[in-house]
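Side-chain atoms are counted along with the backbone in the values below, which use heavy atoms only and exclude waters and symmetry mates. Heads up: numbering here begins at 1 and tracks the sequence. Note that the coordinates shown come from a computational prediction; the quantities given were computed from them, not determined experimentally.
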Amino acid sequence: MSTYRTLLALFGAPAAWVIQMSLSEPIAAYTCYPHQVPLSAPLWVNLPAILAIISLTCLAGGLLSGYVAWHLWRQAENHRLAGTGKGGNVLEVDGGGQTRFLAMLGILSSFVFIVAILFTSCAVLLVSPCSAWT
């Protein structure tokens with residue numbers, strides 16, 4: 001089991017969501033409220049495209065993280081089945097139980113944060129830039 005792949009599986013999708021939030025929110029805030037008065041239209045005409053590119057890139061990162069986690073889980077499961085020939089407890093340390101546990105944790109984490117990335121991306125599609133909330 002590669003440490004880097006395990007770290008990517010566990011923290012790739014959460015990091016992609018944090019990056020999406022850390023980039024999208026300040027960019028949108030600056031283009032709609034650069035000084036003391038809010039604007040009716042963004043400073044940059046292509047703001048929706050910029051936010052969509054950020055969202056798609058972060059979604060790709062989250063999906064990559066999920067794929068790596070799924071691949072690690074499949075490898076650990078194949079190793080367990082080939083080595084023991086019988087089922088075992090997911091939490092057992094010997095026989096790759098720790099690897100399977102971390103891979104499954106990565107799969108679940110990736111799923112949750114991919115959904116979060118998708119929901120955050122919906123704001124780009126559903127809310128017009130610089131719109132009034134009231």
* Set of ring-ring contact (aromatic ring centres under 6.0 Å, His included) partners for W17, sequence neighbours left out -> F113

* To do: Measure the shortest side-chain to side-chain distance between L72 and Q75 over non-hydrogen atoms and say whether it is less than 4.5 angstrom.
  => yes

* **Nearest-0.5 Å distance that lies between atom OG1 in T6 and atom CG in L105** => 11.0 Å

Name each donor-acceptor pair under 3.5 Å that joins a side chain in residues 51-59 to protein atoms two or more places apart or in another chain, with its distance.
residue	atom	partner	partner atom	Å
S55	OG	Q20	NE2	3.1
S55	OG	L51	O	3.0
S55	OG	S121	OG	3.3
T57	OG1	I53	O	2.8

* Asked: Can F101 be reached from L10 by stepping across I, L, V, M, F, W or Y side chains whose heavy atoms are under 4.5 Å apart?
  -> yes

* Shared hydrophobic cluster, L23 / V18 (ILVMFWY, side-chain heavy atoms < 4.5 Å) -> no

* Contacts of F111 that satisfy side chain to side chain contact (heavy atoms under 4.5 Å, CB included) - sequence neighbours left out -> V115

* Asked: Hey, quick one: are I27 and L39 part of the same hydrophobic cluster, counting side-chain heavy atoms closer than 4.5 Å, chains of contacts allowed?
  -> yes

* Shortest non-hydrogen contact from P48 to V45? -> CD-O, 3.8 Å

* Structure fact -> I117 and A16 have their tightest heavy-atom pair at CD1-CB, 3.9 Å

* Asked: Side chain of S24, backbone of M21: donor and acceptor closer than 3.5 Å?
  -> no

* **Closest non-hydrogen atom pair, R100 against W73** => O-CD1, 3.8 Å

* Asked: What residue pairs, at least two apart or across chains, pass salt bridge (Lys or Arg N to Asp or Glu O under 4.0 Å) with a residue in residues 13-34?
  -> none

* Structure fact -> In short, side-chain hydrogen bond (donor to acceptor under 3.5 Å, both in side chains) pairs touching residues 59-70 with sequence neighbours left out are S65-S110

